[in-house]
Amino acid sequence: MAGATGGARRSSRRLVGIDAARGLALIGLMAVHILPTEDEITGELTWSYILFGGNSAALFALLAGVGLALSSDGRRRHRERELAADRVGVAVRAVLIAVVGLWIGTVMPEDAPADNILIYYGVFFLLAIPFLHMGPKALFVCAAVFWIVGPLLMQGLRDVLPAYTSDNPTFVDVVKEPGATASQLMLTGSYPALCYLTYLLMGMGVGRLHLREKAVQIRLLVTGIGVATFAQVTSYLLLYALGGYERLLSSSGMDQEELEEALLSGPEDELLTDTVWWLVVDTAHTNTPLAIAASLGVGLAVLGFFLLVAPRARALLVLLSAMGAMTLTLYTAHLVGLSFEAHYDRPYLWFTVNLAANVLFAVIWQRSLGQGPLERVVSSSVRTTRRAVLHRPHRLDRQ
């Protein structure tokens with residue numbers, strides 16, 4: 001999110017494309033949280049869920065990684081004291097975002113209409129600290145490792161890890177049930193950190209590339225389309241040509257209708273552990289390797305597209321980029337608004353009102369005051385911390 005990434009110059013054409021992509025991700029999350037998942041008459045998934053389900057959160061994580069790379073000077077990686085300042089700054093950013101997330105958990109109802117991703121973001125950033133010194137190739141390799149290992153741990157350990165009691169953890173949950181909360185944030189929750197590190201590290205690797213070059217932008221677009229297509233085709237072949245569907249049907253205890261529903265919108269509660277064949281599905285929010293690859297491909301393609309068009313369509317992207325520059329503020333306000341649960345009766349009207357309010361606020365605030373309110377608090381805290389590290393006097397050796 002904008003407040004979670006920071007550090008790069010707003011005037012950069014490159015960031016217009018990144019902010020526009022981030023603005024689209026915010027719209028996607030709003031659509032997933034507010035609009036219906038299925039058509040009431042046909043039972044089919046709605047267009048909004050098909051487009052944004054799973055993909056918006058993945059795009060946010062990917063762009064957060066890009067932002068981390070840019071905030072540590074992009075292609076010219078920081079070393080020594082600058083690197084230490086980066087790491088401390090990311091830690092401060094992570095804590096502040098997690099605090100906002102935990103506060104939101106206290107205002108959300110017990111049966112919340114959305115799972116708050118901010119507390120997970122805090123964990124994402126903390127886990128990213130050891131990787132800040134790496135170049136793109138090393139980051140891509142690490143992303144590939146988490147792409148495989150994260151889902152395996154998620155499914156393999158789910159039955160032995162403590163079950164969490166809240167979809168939106170609060171300060172009380174952290175104190176009273178630290179083990180269950182940690183398990184949720186790392187592996188068993190809606191946005192498990194060990195799986196989402198694939199997006200974050202891939203984004204960091206992308207952020208180390210020369211994103212101003214048209215050839216790089218085209219490669220991102222083409223690679224993204226290729227990865228998403230590969231994931232979906234592979235999942236289909238494994239399920240329907242190589243026996244996966246029959247294995248799931250025989251091991252899950254579901255009938256055909258229940259299995260079709262699970263493959264369409266995901267198992268009702270969480271990824272099942274009765275067979276490893278669940279890991280070949282690409283259903284949104286299942287966080288399997290192929291689901292991650294599909295959403296990652298979409299994210300790379302969206303990023304590549306906006307980077308390509310931003311220099312030529314800057315004026316057309318002003319609304320998206322304004323929203324994308326302050327997604328921490330807007331997403332927080334969005335969740336607080338959802339806590340009143342006023343959107344259930346007229347979801348399309350509520351979505352339209354939310355979207356219009358977000359666009360107007362973002363454009364007016366950005367043109368009048370610049371950085372978003374929460375983004376300003378986070379960025380100011382990070383700058384102060386980095387400055388303290390950079391200007392800390394060297395310790396003199398005692399004689």
Side-chain angles (χ1 to χ4, degrees), residues 25 28-29 31-32 37-38 45-46 48-65 115 117 120 124 140 143-158 184-203 223-242 244-245 247-248 251-252 254 259-303:
L29 280 183
V32 170
T37 300
E38 297 180 355
L45 293 180
T46 58
S48 57
Y49 192 80
I50 292 173
L51 287 176
F52 298 120
N55 294 328
S56 296
L59 179 57
F60 263 133
L62 177 72
L63 295 173
D115 292 342
I117 199 175
Y120 293 90
F124 297 168
F140 293 149
V145 171
F146 281 100
W147 173 57
I148 298 298
V149 173
L152 290 175
L153 292 175
M154 177 188 64
Q155 191 192 49
L157 298 178
R158 186 177 293 276
Q184 174 182 351
L185 297 176
M186 295 293 285
L187 283 172
T188 63
S190 300
Y191 312 103
L194 292 185
C195 296
Y196 268 69
L197 272 178
T198 304
Y199 305 119
L200 194 77
L201 295 177
M202 182 63 69
T223 300
I225 294 173
V227 170
T229 302
F230 167 81
Q232 293 169 351
V233 170
T234 301
S235 177
Y236 183 87
L237 291 176
L238 288 171
L239 285 173
Y240 300 106
L242 297 177
Y245 183 90
R247 299 290 184 91
L248 293 177
S251 64
S252 65
M254 300 179 180
L259 180 57
E260 290 291 344
E261 178 69 20
L263 293 176
L264 186 66
S265 56
E268 185 175 349
D269 295 318
E270 57 191 25
L271 188 69
L272 302 179
T273 60
D274 47 67
T275 174
V276 294
W277 280 95
W278 282 110
L279 293 175
V280 308
V281 307
D282 64 347
T283 310
H285 290 300
T286 53
N287 298 311
T288 66
L290 293 177
I292 292 172
S295 291
L296 177 62
V298 171
L300 290 172
V302 169
L303 176 58

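What you see below is based on every heavy atom in this structure, not just the backbone, and it leaves out hydrogens, waters and symmetry mates.
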Using side-chain contact (heavy atoms from CB on, under 4.5 Å) as the criterion, list what pairs up with A193, not counting sequence neighbours.
V123, F124, L127, M186
Nearest-0.5 Å distance, OG1 of residue T188 to CG of residue N287
11.0 Å
Who pairs with T37 by side chain to side chain donor-acceptor pair (under 3.5 Å), at least two apart in sequence or on another chain?
none
Test of understanding: with ring-ring contact (aromatic ring centres under 6.0 Å, His included), list the residues that count as partners of Y191, not counting sequence neighbours.
Y120, Y196
Is any side-chain heavy atom of L194 less than 4.5 Å from a side-chain heavy atom of M154?
no
When rounded to the nearest 0.5 angstrom, what distance separates OG1 in T283 from CG in L290?
10.5 Å
Audit row: T288, W278, side-chain contact (heavy atoms from CB on, under 4.5 Å) steps and yes/no
CA-CA 8 Å; T288 66; W278 282 110; 5.8 Å; no
Does Y245 have any ring-ring contact (aromatic ring centres under 6.0 Å, His included) partners at least two apart in sequence or in another chain, and if so, which?
Y240
Tell me, please, which residues at least two apart from Q232 pass side chain to side chain donor-acceptor pair (under 3.5 Å).
none
L264 meets the side-chain contact (heavy atoms from CB on, under 4.5 Å) criterion, sequence neighbours left out, with L45
Check the pair L279, L152 against side-chain contact (heavy atoms from CB on, under 4.5 Å), reporting the backbone distance first and the verdict last.
CA-CA 8 Å; L279 293 175; L152 290 175; 3.7 Å; yes
Has F140 got more than 12 heavy atoms of other residues, nucleotides or ligands less than 6.0 Å from its CZ?
yes
All side chain to side chain donor-acceptor pair (under 3.5 Å) counterparts of T234, not counting sequence neighbours
none
Let me see the working for L248 and V281 under side-chain contact (heavy atoms from CB on, under 4.5 Å), right down to the final yes or no.
CA-CA 10 Å; L248 293 177; V281 307; 4.3 Å; yes
Contacts of type side chain to side chain donor-acceptor pair (under 3.5 Å), residue T229, not counting sequence neighbours:
none
Using distance only, find each side-chain donor-acceptor pair of residues 51-65 under 3.5 Å and give its atom names and separation, not counting sequence neighbours.
unit_1	atom_1	unit_2	atom_2	d
N55	OD1	S295	OG	2.9
N55	ND2	L51	O	3.0
S56	OG	F52	O	3.4

Exam field: side chain T46 to backbone E38, donor-acceptor pair closer than 3.5 Å:
no
